[in-house]
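Below, read A as the first sequence line, B as the second, and so on, with proteins coming before strands; counting in each chain starts at 1.
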2 protein chains.
Amino acid sequence: MSEAEQYDATIYERPSVTVDVVILTLINEALHVLLLQRRHWPYAGQWAIPGGFVGIDESLEDAAQRELQEETGIQAVYLEQLYTFGSPQRDPRTRVISVAYFALVRADRHQPSTSDEATAVRWFPIDQLPEPLAFDHRVIVQAAVNRLRSKLEYTTLAFQLLPEEFTLAELYETYGQLFGDRRRGDDGAAGEWAGLDKRNFYRKITDAGILHDTGRFREGRGRPAKLYTFRPETQSGEFVFRWREARAG
Amino acid sequence: MSEAEQYDATIYERPSVTVDVVILTLINEALHVLLLQRRHWPYAGQWAIPGGFVGIDESLEDAAQRELQEETGIQAVYLEQLYTFGSPQRDPRTRVISVAYFALVRADRHQPSTSDEATAVRWFPIDQLPEPLAFDHRVIVQAAVNRLRSKLEYTTLAFQLLPEEFTLAELYETYGQLFGDRRRGDDGAAGEWAGLDKRNFYRKITDAGILHDTGRFREGRGRPAKLYTFRPETQSGEFVFRWREARAG
DNA sequence: TCAATAGTGTCTTTGAGACACTATCCG
DNA sequence: CGGATAGTGTCTCAAAGACACTATTGA
């Protein structure tokens with residue numbers, strides 16, 4: 001903005017501004033999104049990400065936090081502005097510009113509940129989204145997943161998704177699911193993730209010095225696995241995951 | 001958005017939405033920003049980045065392109081959405097949400113001219129911005145520069161800034177200015193960029209296979225330098241610059 | 001003792017980074 | 001030939017990646 005005319009701009013027709021939030025979590029080491037089934041027009045009955053209008057005196061981040069709170073009852077999570085979607089035709093009612101955020105939460109803690117705006121609320125695996133989604137929400141969800149994937153490579157964001165305590169196998173499985181395209185079943189049985197060598201992964205992650213060995217174990221079938229926590233003091237550190245691997249044939 | 005109540009939302013007070021554009025260019029291998037000196041209240045006399053209201057039927061990208069056009073007369077450039085700034089108090093007139101874009105242009109081509117909105121238009125070196133800038137524009141400019149810097153590491157964006165034909169020395173100087181903190185004058189004379197070895201840089205850039213040798217030369221003092229062009233077909237390629245260097249003392 | 005899962009060591013290859021001299025042109 | 005700028009080759013080291021077996025537990 002730069003104009004005197006802006007001062008008179010109140011007479012112009014203004015778009016509406018909403019904030020929509022892509023809420024991501026990990027369930028059984030697989031990435032899921034929270035969707036609401038819309039009760040009302042437009043797109044009644046279709047699934048959508050939660051969102052709502054920005055209050056006239058409310059910051060965008062506050063609005064996103066409020067939506068998150070209303071839908072999931074969570075506050076302390078990772079929240080980041082994603083992108084602003086503003087095609088003139090993206091909402092059939094009127095011009096609506098949507099500032100999209102994405103949030104990472106730990107799903108174990110809480111189950112979402114339906115509201116008067118939604119007939120249902122559910123976690124969907126990101127590779128099994130209902131078809132179609134309301135508005136341009138498919139694009140928004142895809143953008144969030146892309147952003148998350150790329151950030152996982154050079155941040156410790158993955159630990160925002162995992163439970164407080166985890167085993168190396170769970171961590172490995174998580175990275176595998178988030179990056180790996182598919183398993184290779186050498187003999188039919190489930191093996192390692194294509195292109196992600198377990199030993200190299202363990203070495204890299206432990207050498208990085210970002211894990212704390214709790215001294216406790218997760219019991220189950222087979223040999224008990226060490227439980228680790230993430231050392232948040234290293235969060236700003238130099239850890240880079242970087243997914244490459246695959247040299248020979 | 002998800003509510004029936006949105007349908008009635010026209011009755012709510014709506015924020016204004018603007019698009020502001022950080023226009024960056026290279027002048028003498030140094031990064032510059034285009035700023036306008038505001039003619040009117042608020043912040044009259046102060047420098048600001050160009051911007052304006054989003055038309056009710058105009059996409060955000062179109063609005064950004066239009067601003068760019070109006071201020072510089074350029075169309076074909078790199079344009080990317082940067083971030084959306086929405087603090088309730090960022091504009092003294094009314095609630096204004098600003099979707100910021102950043103654009104890369106080649107400055108050689110065209111000189112900006114003043115308009116009825118601005119008393120002056122100028123390129124400023126990014127490390128010599130006027131103090132203060134209007135609104136929160138300093139933050140926005142800084143965000144653009146940060147984004148550009150980080151993208152230069154893993155994209156070929158630098159070539160969007162350089163003239164069509166360039167020498168390796170110009171390319172080296174550009175990367176040095178964009179990343180290097182300072183020169184080291186071993187003896188007083190200008191030397192290489194701290195931490196950026198010229199030979200390693202040349203090797204890396206030529207091995208990457210993204211340059212086309214035009215066979216022509218730039219004449220001047222000293223040995224003529226080969227002129228290269230960027231091969232845009234490799235734009236989506238695997239080139240990564242990645243700035244590290246500095247192992248021993 | 002076997003099924004199931006956890007955990008580990010070494011060699012090879014690649015790419016990054018340190019390092020300083022030769023080549024070409026012009027006046 | 002001297003000043004000015006362009007351009008190049010090799011060694012070292014760290015980190016990535018390929019590769020397969022041993023350890024621990026409970027049924």
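If you take CD of B:Glu219 and P of C:dG27, they are 10 Å apart, rounded to a whole angstrom. Atoms CG (B:Leu196) and P (C:dA18) sit 10 Å apart, rounded to a whole Å. Straight-line distance from the CG atom of A:Asp207 to the C1' atom of C:dG9: 12 Å, rounded to whole Å. As rounded to whole Å, 12 Å separates atom P of D:dG26 from atom CZ of A:Phe217. The interatomic distance linking B:Arg218 (CZ) with C:dC25 (C1') rounds to 16 Å, in whole Å. When the P atom of D:dA16 is taken as reference, atom CZ of A:Phe241 falls 10 Å away, rounded to whole Å. Regarding A:Glu170, its CD atom lies at a distance of 15 Å from the C1' atom of C:dG7, rounded to whole Å. Separating the CG atom of B:Leu168 from the P atom of D:dG7 is a distance of 6 Å, rounded to the nearest angstrom.
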Apply ring pair (Phe, Tyr, Trp, His ring centres under 6.0 Å) to the pair A:Phe201 and A:Tyr175, showing each step before the final yes or no. CA-CA 10 Å; A:Phe201 179 81; A:Tyr175 270 102; 5.5 Å; yes
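Backbone-only engagement by A:Lys204 is indicated by non-hydrogen atom pairs under 4.0 Å involving sugar-phosphate atoms exclusively. Among the atoms of the strands shown, base atoms are found under 4.0 Å from some heavy atom of B:Arg199.
Looking at B:Thr214, its side chain does come within 3.5 Å of a backbone N or O of B:Leu227 through a donor-acceptor pair.
Closest approach to the B:Lys226 side chain among C:dT8, D:dG7, C:dA18 is made by D:dG7 (side chain taken as heavy atoms from C-beta onward). Listed candidates were D:dG7, C:dA6, C:dC19. Nearest to the side chain of A:Ala169 is C:dA6. When each of C:dA4, C:dG7, D:dG26 is scored by its nearest atom to the side-chain atoms of A:Arg221, the top-ranked nucleotide is C:dA4.
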Restricting to nitrogen or oxygen on both sides, can you table the protein-nucleotides 21-23 of chain D pairs closer than 3.5 Å?
{"residue": "D:dA23", "atom": "N3", "partner": "A:Arg223", "partner atom": "NH1", "Å": "3.2"}

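Ring centroids of B:Trp193 and B:Phe179 are separated by 6.0 Å or more, keeping the two rings apart. Proximity of the aromatic rings of A:Tyr228 and A:Phe230 is defined here by a centroid distance below 6.0 angstrom, and this criterion is not met.
Using a 4.0 Å cut-off between charged nitrogen and carboxylate oxygen, B:Arg138 and B:Glu131 count as a salt-bridge pair.
Between B:Thr167 and B:Asn200, the residue anchored nearer the 5' end of DNA chain D, judged by the nucleotide with its closest heavy atom, is B:Thr167.
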